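Since this is a predicted model, take the numbers as computed values, not measurements. Any value given below was found using the heavy atoms of this structure, including those in side chains, with hydrogens, waters and symmetry copies removed.
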Amino acid sequence: MQYPQRVSRRGFLRFAGMTGGVTLLAACVPAGMQTPAQAPASAAAPKLNLSDPKEVGKALEAEGAEVSISSWGWSGLAETHFIPKFAEHTKKLYGVAVKLNWVSGVFDKALAELPVAGKTIKDIGLDVVDKEEESFDAAMALNWYEPMDMDVYKPLLTNLTDVEEPYIFKGTEENGGVVYGAVYQGYEWLQAVLRKDKLDVSKFKDWTDLADPDLRGKMVDYPFNDQRGHYVFGGFVNELVNKGIVPGPLWSQPAWEGALKWWKDNSMEQQIHKWGDIGNDPTIRLMLQSGEVLAGCTWGVYTRELLGTDWNQRDDVLAPFYPKSGILVDRETMSAVRGAAHPVAARILINWMLSTEVNTAGWYKESPDAKEAVNHWNVTEAQFLVAYCGGVRAETRKLIPDWAKAYHPADPASLSLKVDWPWHNKNAEWISKSYEKIVLGK
Amino acid sequence: MNISTPPPRTWLARNASTLLLLAPLLIFMLGVFAMPMVFQFAFAFFDRVFYKNVIWIPKPAFYLGNFAEAFTNPTYLYSIAWTVGIAAVTTSINILLALPVAYFLARTKVWGRSLIEVSFLLPIFGEIFTIYALAYALTPQGPLNWLLLKLHLISTPIALVGSSWAVIIWMSLPTLSVLLIRSAFSGVDVLYEEAAQTMGASALQTFFKVTVPLAKNGIAGAFLLSFSGGVGAYTIPLILVGPYNDWLTNKIQREVDPYFNFPMASALGVILTVICGILFYFYLRTQEPGGER
């Protein structure tokens with residue numbers, strides 16, 4: 001018997017033709033993707049009496065005493081503190097230790113890929129989503145969230161009632177609930193941290209001062225194909241609009257185009273030592289510590305955490321940079337996943353995240369009049385600083401340790417700039433590509 | 001005695017054992033390669049919609065706009081040309097550098113030959129580690145700039161990291177190609193070379209007119225493998241150049257995140273695949289002299 005030894009060119013072309021045919025056929029077949037997959041709308045709320053802790057305990061056991069949240073890293077606090085503390089919390093209140101599954105870094109990927117795969121966020125096993133408000137509209141458009149405060153769950157959300165209005169995102173009423181998102185930390189924004197021992201920080205009053213020659217090749221920033229890079233740059237755009245250097249309003253293409261030209265004309269690319277995330281990348285943190293980098297644009301929580309690190313406590317070399325024209329806020333927002341497997345545990349988790357205990361990483365005063373705050377969770381100052389972000393309830397602000405107050409600007413609200421999310425959603429791709437075109441000439 | 005001829009066996013009966021042996025791999029390839037590839041190809045013809053004015057979602061359609069965009073938008077066109085061009089240049093350098101070493105390894109019996117051969121694989125074992133080592137070596141404070149400064153060949157350090165040169169240097173490095181070509185040279189009978197030289201051919205003439213043509217299948221295979229790796233390089237440009245490099249793979253990633261443009265990403269992926277397919281077609285030509293046309 002003779003076997004053909006090799007694939008012939010004709011055979012290859014035949015195979016390629018067949019593959020192409022199958023591909024075209026697959027492309028033509030409607031895949032039922034005219035609209036992305038959505039969770040069933042407004043399922044009837046379960047009939048539970050969640051005012052009674054014993055009933056809550058039973059409900060938790062029926063759910064499997066488990067809950068999953070997609071959140072951020074909290075500089076390691078999630079593993080060391082949140083998971084065991086949440087189990088203690090539910091055990092104490094309801095007699096059931098609920099296992100908290102902490103998932104980081106999946107949401108953006110989920111947002112990009114699940115609609116394509118015809119799935120929703122509940123299909124990857126999440127009960128609660130904690131994500132910056134930048135993604136809230138997209139998740140709502142995909143119908144991924146349900147009101148956390150449906151009538152049946154209201155007894156579990158004791159902390160939600162006194163969350164200040166700007167931190168609550170409401171939507172269509174379902175089963176008595178309207179709250180689809182709740183900011184739980186406070187005024188989280190994108191500012192910068194400077195090495196005050198190597199720079200004359202009095203020169204740095206506003207964003208465009210970062211063009212100073214002393215910072216040539218000494219800055220770290222998020223790249224322009226990253227939303228965080230957009231929000232840092234948004235501070236520059238706002239200042240340039242305010243000064244009349246570029247046409248306004250802030251949320252318009254001419255303003256961003258003008259600001260990108262300013263970025264290029266002022267050789268801001270040369271300021272960048274490395275594009276990256278000083279908040280989460282230890283090698284970049286080391287660059288700041290060693291003095292290889294003198295300025296890092298990052299979240300407020302990471303700025304404060306860096307200020308509270310042991311090496312800065314010892315050397316006192318870092319200073320926060322609060323540009324006077326304002327800073328764009330992008331606040332951590334919690335939502336209950338529609339159709340999730342653990343809805344009761346999800347509400348308990350949301351309520352806990354809104355508590356003073358979590359907001360302060362367990363370091364708080366027992367009462368506003370108390371002299372000293374008690375470090376219940378035995379955290380470091382840096383860990384406290386990465387958790388506390390101004391709070392969303394008046395009570396919390398009164399209970400933080402006195403030493404921590406110096407780490408926050410006197411009036412964050414006066415510096416906070418609101419992002420026009422619909423405009424940004426529509427123009428995010430345009431901003432990234434305009435940067436490549438205008439600044440990099442590609 | 002009546003001897004009856006057994007009934008002819010069916011095709012299935014004749015090939016059952018072969019199919020059984022092939023089945024695990026075929027099923028695996030079908031599941032993890034062929035099916036996703038078909039979907040990726042199909043996505044390339046999808047359109048996308050800005051769903052509820054918030055998020056981009058792929059929309060099934062037979063839409064050629066992604067390919068039109070790829071071949072008319074100068075950014076994509078440049079990226080395609082850059083990726084293919086750099087892969088072609090670095091592969092050529094890679095093969096040229098590999099040829100003499102491979103010939104040496106095939107024809108001489110030096111002590112530690114196996115060790116030398118394995119050493120060519122070291123850069124691709126734990127590639128990330130090696131790339132970071134290279135990234136350090138090429139920094140302004142790194143050993144390469146130190147050496148060039150000490151030799152007075154340059155007066156100020158050259159910024160190699162962050163530029164495409166670092167990637168070009170890395171991709172030109174012969175690794176697996178040395179071993180592939182060495183095997184091809186080992187398969188060439190020394191008698192042919194001796195015959196050529198007895199007839200007056202010089203060593204170089206023998207090498208280029210006898211050895212290389214006889215080993216061309218292996219050399220072409222090494223070229224194909226190297227080129228495919230070159231056009232598909234993702235991590236290397238990302239680490240050595242940064243997020244705004246021109247390699248098509250990185251452009252594809254940017255289309256997915258943050259632009260959510262799966263159809264465009266798929267179309268660019270299809271173009272890369274077709275480029276490799278064309279090369280594979282030419283590779284087959286080298287494999288079948290006088291064969292089916």
- Note on the structure: Here the pair of heavy atoms bringing A:Asn425 nearest to B:Asn53 is CB-O, 4.5 Å

- Message: Heavy-atom pairs under 4.5 Å with chain B - which of A:Lys437, A:Lys433, A:Lys109 has more of them than the others?
- Response: A:Lys433

- Task: Sort A:Glu113 into side chain, backbone, both or neither according to what part of it lies under 4.5 angstrom from a heavy atom of chain B.
- Result: both

- Locate the shortest heavy-atom distance separating B:Val54 from A:Ala141; write the atom from each residue and the value. CB-CB, 4.1 Å

- If you round to the nearest 0.5 Å, how far is CG of A:Leu111 from CZ of B:Phe260? 4.0 Å

- Item | chain A contact via B:Tyr259 - side chain, backbone, both or neither, heavy atoms under 4.5 Å | both

- For residues B:Phe43 and A:Val116, report the shortest heavy-atom separation together with the two atoms involved. CZ-CG1, 3.1 Å

- Task: Please say whether more than 12 non-hydrogen atoms of neighbouring residues, nucleotides or ligands are located less than 6.0 Å from NZ in A:Lys274.
- Result: no

- Query: When you look at CH2 of B:Trp146, are more than 12 heavy atoms from neighbouring residues, nucleotides or ligands closer to it than 6.0 Å?
  - Reply: no

- Message: For A:Trp262, I'd like to know if atom CH2 has over 12 heavy atoms of other residues, nucleotides or ligands within 6.0 Å.
- Response: yes

- What is the distance from atom NZ of B:Lys251 to atom NZ of A:Lys442, rounded to the nearest 0.5 Å? 6.0 Å

- Message: Whether the side chain of B:Tyr244 engages the backbone of A:Phe224 through a donor-acceptor N/O pair (distance < 3.5 Å, no angle test) should be reported.
- Response: yes

- Does CZ belonging to B:Phe28 count more than 12 external heavy atoms closer than 6.0 Å? no

- Query: Where on B:Glu255 is there a heavy atom nearer than 4.5 Å to chain A: the side chain, the backbone, both, or neither?
  - Reply: side chain

